[in-house]
There are 2 protein chains.
Amino acid sequence: MSGLDSSRPLTARGAATRARIVEAAADLIYGHGVERTSLDDVMAAAGVSKSQLYHYFADKDALVLEVITLQTERAMGAQQPHLGALDSLPALRSWRDAIVRLNKVARIRGCPLGSLASELANDSEEARKRLAASFGMWSDSIERGLAAMRARGTLAPSADPHELAVAVLGAVQGGLLLAKTTRTNRPLELALDMAIDHVARHMTSPPEHPQQRPPPRSRKDR
Amino acid sequence: MSGLDSSRPLTARGAATRARIVEAAADLIYGHGVERTSLDDVMAAAGVSKSQLYHYFADKDALVLEVITLQTERAMGAQQPHLGALDSLPALRSWRDAIVRLNKVARIRGCPLGSLASELANDSEEARKRLAASFGMWSDSIERGLAAMRARGTLAPSADPHELAVAVLGAVQGGLLLAKTTRTNRPLELALDMAIDHVARHMTSPPEHPQQRPPPRSRKDR
DNA sequence: GACGATTTGGACTTGACGGTCCAGTTACGC
DNA sequence: GCGTAACTGGACCGTCAAGTCCAAATCGTC
């Protein structure tokens, strides 16, 4: 059988090689997409041979599924600590700024998960399910903050944290896609600001007017 | 020289063949993406030979650019008459319903333009530019309606129709992507409702409360 | 130190795929 | 009606790409 099953533990050396392969594949697929990324490209980037690829992965599809998992971890991780504490308007705004900054640092190439979903969702049921789960995790994180706000009474009882979270994530994905296509972060900013205004609208006390948004804070983060 | 340049007019027969090729390519690329759609697939679907492909198109990239143009026309056309008259809340809601319905009819496979943009924007500058122009046309249409509202005084003078339109289109694209990935139109509905609420928020008279949205109108359109 | 499991190297196979080229058929213009 | 341009057919080529397979090297365990 080729491609180790997950029941067999790897040695440290094997685990390191496997991780290097997945990371190399994730980077290449982010820039060019799954179909335009060959296994030879991945081998070259990871510094491994064909046997190693097939030692750790049954086939290219199996590798791609691991890339989805890694990109999900990366996406969730990159948005911390913001994503774990979206329980106020200032917190939502910090998160917004972090996303805008992250996309800029990534050279406005869009969302790794969004790109994977767009490319794979119609053709690979397994990939689609895993990506749906990834988006589910992401919107669940957003929802937890909103639920905390509602529990605290700062979000109206009539507001549905789940639905708000899904709409907010939609704005994120759409903003990232338009930003990627137009090569400017402005659509992402506008979509995120709309989403945050939308949440603000469901708060129990009148939120500050969007145009009176505080000036950008000086930042100490790199 | 292979692939006719646009200065040479085609005969009716040639134009029909060319259109058939582009349409077949558009349908296949919509379902599977550019890279997973081979020229042999397109030939089979269009009922043409390899020489015909290269008679009308210099190469696959040239065909793909024509697909972008066709999908743009299709997308704009499919949203009419709504897209040309988004100058009131009821009109925006009708447009929203049309988009939700269109995505359902398309079996929740997402936005053709969004999928093309996601796949091609990082690797093909020509495709990216053309797709950016397509999104620009789309948001311009939305913007025209909003500008009419502002000219009429129903949208606040402080509202920026351009920015609102870009944010709205972001919601559309993100909603379509999440819908495609989760195989349910709900994310699209939520994203669109958020976008329309966002516009409503900038109206000069208090808009009706979102939860008090009128029940769906009985429809005579097929 | 030996044995065996794990990791690694890379040649090779097979089929797909974009594109080229030669030639036949159709129909358009004069 | 004829000549020719446009359209069409399909064999063929070179390269790419996923995947297979044999074998060597490394290292972990006893």
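Chain naming here is simple, since letters A, B, ... match the order of the sequence lines and numbering starts at 1 in each.
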Take the protein atom CG of Asp59(B) and the nucleotide atom C1' of dT20(C), then report the distance between them rounded to whole Å. 13 Å

Please check: side-chain N/O of Glu119(A) versus main-chain N/O of Val34(A), any donor-acceptor pairing under 3.5 Å? yes

At their closest point, which heavy atom of Asn122(B) faces which heavy atom of Tyr30(A), and how far apart are they? ND2-O, 3.5 Å

Select one nucleotide: of dG19(D), dC7(D), dG10(C), the one nearest the side-chain heavy atoms of Ser49(A). dG10(C)

Would you indicate which nucleotide in dT7(C), dT20(D), dT8(D) comes nearest to any side-chain atom of Gln52(A)? dT7(C)

Atom CG of Leu39(A) and atom P of dG9(C): how far apart are they, to the nearest Å? 16 Å

What is the distance, rounded to the nearest whole Å, between atom CD1 of Ile21(B) and atom C1' of dG19(C)? 15 Å

Counting only heavy atoms not in Arg183(A) (residues, nucleotides, ligands), do more than 12 fall under 6.0 Å from its CZ? yes

Whole-Å distance between dT20(C) P and Leu53(B) CG? 12 Å

Tell me the interatomic distance from Glu35(B), atom CD, to dA16(C), atom P, rounded to whole angstroms. 17 Å

Assess whether one donor atom and one acceptor atom, taken from the side chain of Lys50(A) and the base of dG19(D), lie less than 3.5 Å apart. yes

Within the structure shown, what part of the strands sits under 4.0 Å from Ser38(A) by heavy-atom distance: base, sugar-phosphate, or nothing? sugar-phosphate

In whole angstrom, give the distance that lies between atom NE2 of His55(A) and atom P of dA24(D). 18 Å

Of the options dG18(C), dT8(D), dT8(C), whose atoms approach the side-chain atoms of Tyr54(B) most closely? dG18(C)

Indicate yes or no for a side-chain donor-acceptor contact from Ser118(A) to the backbone of Gly114(A) under 3.5 Å, with no hydrogens or angles considered. no

Between Gly47(A) and Asp41(B), which has a closest nucleotide on DNA chain C that is more 5'? Gly47(A)

Under 4.0 Å protein heavy-atom contacts per nucleotide of nucleotides 22-30 of chain C, with B for base, S for backbone only and - for none: ----SS---

Interatomic distance, Phe57(B) CZ vs dC17(C) P [rounded to whole Å]: 20 Å

Give the rounded distance in Å between these two atoms: CE of Met43(B) and P of dC17(C). 12 Å

Please answer whether the main-chain N or O of Ala127(A) pairs with a side-chain N or O of Arg130(A) as donor and acceptor at a distance below 3.5 Å. no

With no hydrogens and no angle check, do the side chains of Ser38(B) and Asp41(B) hold a donor and an acceptor under 3.5 Å apart? yes

Donor-acceptor pair, Asp87(A) side chain versus Ala148(A) backbone, under 3.5 Å? no

